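What you see is a predicted model, and the numbers here were worked out from it, not measured in a lab. As the structure lists them, so they are numbered: ligands from 1, and atoms in each ligand from 1.
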Amino acid sequence: MTQSAMAKPFTMVLFGATGDLAKRKLFPALFSLYKNKFLPEHFRLIGVGRSTRDHEAFRQSVRESIDSFGRLKVADENEWQQFIQHFYYAVADVTNPEGYKGIKDLVEEYENKYQVPPNRLFYLSLAPDLFATVSTNLRLSGLTETGGWKRLIIEKPIGHDYDSAKKLNEQIKQTFTEQEIYRIDHYLGKEMVQNIEVMRFANSLFEPIWNNHYIESVQITASETVGVEDRASYYDHAGALRDMVQNHMLQMLMMVCMEPPSRLKTEAIHDEKIKVLRSLRRYTEEEAGKYMIRGQYVDGEINGKPVPAYRNEKNVDPGSMTETFVAGKLFVDNLRWAGVPFYIRTGKRMPEKMTQIIIEFKEMPKNLYFNKDNNLGPNLLVISIQPQEGVNLILNAKKPGSDNQVMPISMEFCNNCEQGSPEAYESLIYDAIVGDQTFFTHWEEVSLAWKFIDPIRRAWDENRHPLTFYRSGSWGPQEAHDLLAANGHVWRPAIAKDISRIVKANEVVTR
Ligand SMILES: NC(=O)C1=CN([C@@H]2O[C@H](COP(=O)(O)OP(=O)(O)OC[C@H]3O[C@@H](n4cnc5c(N)ncnc54)[C@H](OP(=O)(O)O)[C@@H]3O)[C@@H](O)[C@H]2O)C=CC1
Ligand SMILES: O=C1O[C@H](COP(=O)(O)O)[C@@H](O)[C@H](O)[C@H]1O
């Protein structure tokens, strides 16, 4: 995110402006962008919802959201007034074409008043089953007939399988072109996910060894301590496979595996990411049982507090077979990656909130040197996405004062220790305003991801492979450990506090 691509005047129509995402993420992100001077002098935001409120009440709700959730708080009343004067509200039911008239009036009033170009950004922070209706109604209302640019931001999930995603895409494409559709995967807005590309392609140290000659395995973990919270109506139908793997986990995999793009341009980067998904080995329903593990949390403790089993959570079917945990062993069958297992795992109610990618390098021939105490560990490159952001390189070094005894050391870079980094939504909203699609998901990524997911989903829906259970506060079911043990590997625990946790195999195995 750089101010060099300075934003031009625009109008954002935010559908779902009274909802949870707007409150927790979007308004705080817009305020941070404003404070850091990433927004142009002229812009208007028109919030849309069914709830009745006037402009003032809407502005007050924006203030409350920033006070509660903002990374940057309101410190100066004058600055606040300057910011909030750009915000307006329209009551509309998006399923009713009549409702768009009021929105159009507010958009045109602003464009005429300031004689600004009709650049229009439509953000659908709505339930996905409304996406097609809204994009059609935007066209019918004339809002998308503009002499400036028009762009559409949509949130995940994009469909619930390949067929539904394709149908939705075809409906949206009647109004917006691929270059105008910004599909958000908020993991792509995270600083350290974006940093993977820089780390790989700006360091001569890594690129020559970034392949199956030197890399033993890759692990990608996204663990959460929270349970299903109040989202059961969505989650109990989606499950972790659709909720996290189809999008965020595969996006991180693509960033690790892609070939260097021919240019640092959106299209070239998307091309390389798409090629990764084309090479991703697709499992049959039968093979899903060997390579993919699904789990569901039972009761346990998180941070010393008892928490209920998934099946006892509010609005969850007491006999639910929905997975809250997925682990998988994936393979990218191309020349660079053939034979390297990519282990992924994601789950709710795990001991730590943590997203991390660990590249494990092949070991030296062990018996030759420095292995007297059998404590020579592998070199690891640990990319910490969150909550700590940074990179650790784990090496072996001589224990001071010893006779060639080896100890692990960590070289560390912390990205967010000295100052906080921008929230994912700040980067992504800004990119959409300046028309940079690089960190948004291309349709082909969505479609190939579903083609990988669909057979696994079918196998699980038909209960062809067992649902395993894990205690809340644990690192998932035993089967997820067995998946790696079959190749002589172990899940490497979180870096951070104590480096010895990474290298002591006996501790690792128990996690
Ligand atoms: N919340 C989150 O953390 C995340 C959300 N998302 C995605 O973001 C999107 C929004 O989620 P979220 O904010 O949580 O949802 P909420 O249920 O909190 O909000 C839904 C919003 O949609 C509006 N709405 C619903 N139906 C209509 C209608 N017929 N006409 C006009 N407005 C309508 C509601 O307005 P009103 O109440 O006034 O009727 C409300 O503003 C979804 O696609 C979700 O999957 C993605 C990642 C994280
Ligand atoms: O998209 C989603 O992501 C969140 C986790 O996001 P993070 O940025 O907090 O790691 C997850 O809780 C949610 O179920 C899922 O829909």
Among all protein heavy atoms in this structure, tell me which lies nearest to [atom], with the distance rounded to 0.1 Å.
atom: atom 7 (P) of ligand 2; result: Lys353 NZ, 3.3 Å
atom: atom 6 (O) of ligand 2; result: His186 NE2, 3.2 Å
atom: atom 13 (C) of ligand 2; result: Arg231 NH1, 3.3 Å

More than 12 heavy atoms from other groups under 6.0 Å of [atom1] on [X]:
X: Lys173; atom1: NZ; answer: yes
X: Lys167; atom1: NZ; answer: no
X: Glu145; atom1: CD; answer: no

Exercise for review: Please step through side-chain hydrogen bond (donor to acceptor under 3.5 Å, both in side chains) for the pair Glu178 and Gln437, ending with a clear verdict.
Suggested key: CA-CA 10 Å; Glu178 178 64 30; Gln437 283 186 309; 5.2 Å; no
Which ligand 2 atoms, with their elements, are less than 4.0 angstrom from a heavy-atom of [X]?
X: Lys156; result: 1 (O), 2 (C), 15 (C), 16 (O)
X: Asp243; result: 13 (C), 14 (O), 15 (C), 16 (O)
X: Tyr187; result: 6 (O), 7 (P), 8 (O), 10 (O)
X: Glu224; result: 5 (C), 11 (C), 12 (O)
X: Lys348; result: 11 (C), 12 (O), 13 (C), 14 (O)
X: Lys190; result: 7 (P), 8 (O)
X: Gln386; result: 7 (P), 8 (O), 10 (O)

Is a salt bridge present between [X] and [Y], judged by a nitrogen-to-oxygen distance below 4.0 Å?
X: Arg231; Y: Glu313; value: no
X: Arg44; Y: Glu109; value: yes
X: Arg458; Y: Glu462; value: no

Review point. Of all heavy-atom pairs between Tyr234 and Pro157, which one has the smallest distance, and what is that distance?
Key: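 Closest pair (atom of Tyr234, atom of Pro157, distance): CE1-CG, 4.1 Å.
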**Study point:** Over-ring placement of Arg349 relative to Tyr297, 6.0 Å and 45° cut-offs
**Key:**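 Yes; both conditions hold, so Arg349 lies above the ring face of Tyr297.
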Exercise for review: Report yes or no: is the cationic atom of Arg59 (NZ for Lys, CZ for Arg) closer than 6.0 Å to the six-membered ring centre of Tyr88, at no more than 45° off its axis?
Suggested key: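 Judged by the rule (NZ or CZ under 6.0 Å from the ring centre, within 45° of its axis), Arg59 counts as positioned above Tyr88.
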Check your understanding: Got an N/O contact under 3.5 Å between Tyr235 and ligand 2?
Key ->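 For ligand 2, there is no N or O atom that lies under 3.5 Å from one belonging to Tyr235.
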Review point. If we only count N/O pairs under 3.5 Å, is Tyr234 in contact with ligand 2?
Key: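 For ligand 2, there is no N or O atom that lies under 3.5 Å from one belonging to Tyr234.
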Review point. Of Phe69, Phe31, Tyr425, which meets side-chain contact (heavy atoms from CB on, under 4.5 Å) against Leu26?
Key: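 That would be Tyr425.
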Between ligand 1 and the protein, which N/O pairs are shorter than 3.5 Å?
from, atom 1, to, atom 2, distance (Å)
ligand 1, 1 (N), Asp20, OD2, 2.8
ligand 1, 3 (O), Arg24, NH2, 2.6
ligand 1, 13 (O), Asp20, N, 3.1
ligand 1, 13 (O), Leu21, N, 2.8
ligand 1, 18 (O), Asp20, N, 2.9
ligand 1, 26 (N), Arg50, NH2, 3.4
ligand 1, 29 (N), Asp93, OD1, 3.0
ligand 1, 30 (N), Val94, N, 2.9
ligand 1, 35 (O), Thr18, OG1, 3.0
ligand 1, 37 (O), Thr18, OG1, 3.4
ligand 1, 38 (O), Thr18, OG1, 2.8
ligand 1, 38 (O), Arg50, N, 3.1
ligand 1, 38 (O), Ser51, N, 2.9
ligand 1, 38 (O), Ser51, OG, 2.5
ligand 1, 39 (O), Arg50, NE, 2.7
ligand 1, 39 (O), Arg50, NH2, 3.1
ligand 1, 41 (O), Gly16, O, 3.4
ligand 1, 41 (O), Thr18, N, 3.2
ligand 1, 41 (O), Thr18, OG1, 2.6
ligand 1, 41 (O), Gly19, N, 3.0
ligand 1, 43 (O), Leu126, O, 2.7
ligand 1, 45 (O), Lys156, O, 3.0

Exercise for review: Return yes if a side-chain donor-acceptor contact under 3.5 Å exists between Ser320 and Asp236, otherwise no.
Suggested key: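 Ser320 vs Asp236: donor-acceptor pair found between side chains.
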